Amino acid sequence: MSVALSTEQREVVGMVRDFVEREIIPNAHRLEHDDEYPTEIVATMKQLGFFGFAIAQEYGGSGLNYETYAMCCEEIARGWMSITGIINTHFIVSYLVENYGTDDQRQRFLPAMASGDMHGGFSLSEPNCGSDVQAIETRAVLDGADYVVNGSKMWATNGEHSTVVATLVKTDPNTKPRWKGLSCILAEKQYDGFRSTKRIEKLGYKGVETTELVFENNRQPATNLLGGVEGEGFKQMMAALEVGRVNVAARGVGVSQRAFELAIAYAQQRHAFGVPIAEHQAIQIKLADMATKITAARLITQMAARKKDAGERADVECGMAKLFATETCFECVAEAMRIHGGYGFSKEYEVERLYRDAPLLVIGEGTNEIQKLIIARGLLERYKV
Ligand SMILES: Cc1cc2nc3c(=O)[nH]c(=O)nc-3n(C[C@H](O)[C@H](O)[C@H](O)COP(=O)(O)OP(=O)(O)OC[C@H]3O[C@@H](n4cnc5c(N)ncnc54)[C@H](O)[C@@H]3O)c2cc1C
């Protein structure tokens, strides 16, 4: 179920796959059940250059294109989805800085991010809004050489471990349309009054922390306003979310692939009515459906990543990939669990974790209901009569 890889892709993806087999798969079960941050895995990822994957070589990264990045994310998610969450917000931030940052911001943030010394978080959501991003209330007011930031953010992945959080704030509450009053601040934790608070207890996606963020009269230097221009934040962040959607689509493929591998192995070992259950047509049909949909999900994810690599507007393609790959994942983990029978419901079996992880994918990075609206809006523009 593979796509053709270039020599560079084969090397990088092979390195990631080895790492996943060696370091992630043997440890994921324990760490996930203990909801423990994978400190050692992350330290090795830094040494191996994972935090520089999608950052340009001139800033010390590997300069991987998003197509290759997606392949790496699939491999990582196949081992443990939470690890892809640790790098996802990081590369959303690096995309923002690389594409919209001032020269000073590129120099200050990108080399430190590529080495992993600086870890990026990304924060749109608030206690009172998620899908309706333009309804955010967190306020930033320019005061001399600083922005004074006040407000609460919700659902911040890497909320504790991130050192810089690309934060959507309201700089002008009166402008219409609302998005013109929104800006992105590269908020650094080193400045007093910005902290992560409660860790949110979750169904799955454990190990990586998701927290609330609080800004209380927090002063961020005005030089941390992304691109140095107010009112651009909404557009900047929506474009960056396409990178996140490539990551989430690739996670969907990786988790589905793992579910399929576990299911097809189990189906050949477990006997019922005198034969391995893989010999029953009802099970074969499930396996065939899973493998077909996973292959399609992989291809649509690669297509979306290539569109992003081309520097073209990719909201429709990234939306389609995120939608299809994550709905595929939602189906595949359920089918894999059913193939495992009662054992699929046991915490001793890996498929139980996959079943708890998959639902996040249809919600995070914009729900799949919202993806359909984005896709439809884009199609109506393209096919305007
Ligand atoms: C584990 C986890 C990690 C996350 N990490 C981050 C992060 O790092 N940074 C960040 O900013 N956010 C993060 N999020 C937040 C996530 O992006 C939001 O949960 C998501 O966008 C949905 O927003 P909401 O939860 O406020 O739901 P709501 O917007 O309240 O939506 C509730 C329901 O209504 C539906 N709905 C809303 N509007 C429409 C509409 N117009 N048409 C049809 N249906 C609609 C939605 O699809 C959904 O089913 C994370 C969430 C989770 C669970």
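As the structure is a computational prediction, the values presented were derived from the model and not from experiment. Ligands are counted one by one from 1 in listed order, and the atoms in each one are counted from 1 as well. Start at 1 with the first residue, then count along the sequence.
- Under the 4.0 angstrom criterion, atom 49 (O) of ligand 1 counts as having a protein heavy-atom contact.
- Looking at ligand 1, you won't find any N or O of T89 less than 3.5 Å from one of its N or O atoms.
- Closest to atom 9 (N) of ligand 1 among all protein heavy atoms lies F122 O, 2.9 Å.
- No hydrogens or angles considered: a donor-acceptor pair under 3.5 Å links the side chains of N217 and N150.
- Screening L360, V255, V362 against T326 for a side-chain contact (heavy atoms from CB on, under 4.5 Å) leaves a single residue, V362.
- At the shortest separation from atom 25 (O) of ligand 1 among protein heavy atoms lies W155 NE1, 4.5 Å.
- Protein heavy atom at the shortest distance from atom 2 (C) of ligand 1 is L360 CD1, 3.5 Å.
- Of all the heavy atoms of Y205, the ones lying under 4.0 Å from any atom of ligand 1 belong exclusively to the side chain.
- Remark: of the listed residues R108, R106, Q107, R108 is the sole one forming a side chain to side chain donor-acceptor pair (under 3.5 Å) with D104.
- Within ligand 1, counting atoms from 1 as listed, the ones closer than 4.0 Å to a heavy atom of S123 are 11 (O).
- For M154, no nitrogen or oxygen atom sits less than 3.5 Å from a nitrogen or oxygen atom of ligand 1, counting backbone and side chain alike.
- With a 4.0 Å heavy-atom cut-off, ligand 1 is reached by the backbone of S131 and by its side chain too.
- With rounding to the nearest 0.5 Å, the separation of CD in Q105 from CG in L225 is 7.0 Å.
- Nearest protein heavy-atom neighbour of atom 44 (N) of ligand 1: E369 CB, 3.8 Å.
- Atom numbering of ligand 1 starts at 1 in the shown order; those under 4.0 Å from a heavy atom of L124 are 10 (C), 11 (O).
- Remark: K153 engages E126 in a salt bridge, criterion side-chain N to carboxylate O under 4.0 Å.
- The closest side-chain heavy-atom distance from L241 to E365 is below 4.5 Å.
- Counting only heavy atoms of the protein, atom 47 (O) of ligand 1 lies nearest to T367 OG1, 2.7 Å.
- At a heavy-atom cutoff of 4.0 Å, ligand 1 is contacted by no atom of I200, backbone or side chain.
- When every heavy atom of G159 is checked against every heavy atom of S196, the shortest pair comes out as O-CB, 3.3 Å.
- Taking any N or O of T157, backbone or side chain, at least one lies under 3.5 Å from an N or O belonging to ligand 1.
- Of the listed residues (R258, M71, R298, Q302), just one forms a side-chain contact (heavy atoms from CB on, under 4.5 Å) with V253, and that residue is R298.
- Counting protein heavy atoms only, atom 12 (N) of ligand 1 is closest to S125 OG, 2.8 Å.
- For the residue pair E188 and N224, a side-chain donor N or O sits within less than 3.5 Å of a side-chain acceptor on the partner.
- Protein heavy atoms are absent from the space less than 4.0 angstrom from atom 35 (C) of ligand 1.
- Proximity of N368 to ligand 1, defined as any heavy-atom pair under 4.0 Å, is not found for any part of the residue.
- For atom 19 (O) of ligand 1, the closest heavy atom belonging to the protein is I363 CG2, 3.9 Å.
- Residues Y100 and V229 have side chains not in contact (no heavy-atom distance under 4.5 Å, counting atoms from C-beta outward).
- Nearest protein heavy-atom contact of atom 41 (N) of ligand 1 is L373 CD1, 3.6 Å.
- For atom 32 (C) of ligand 1, no protein heavy-atom neighbour is present inside the 4.0 Å cut-off.
- A salt bridge does not link R30 with E348: every distance from a Lys NZ or Arg NE/NH1/NH2 to an Asp or Glu carboxylate oxygen is 4.0 Å or more.
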Practice prompt. Run the numbers on K322 and E242 for salt bridge (Lys or Arg N to Asp or Glu O under 4.0 Å), then give the verdict.
Written response: CA-CA 9 Å; K322 194 269 177 183; E242 290 167 10; over 6 Å; no
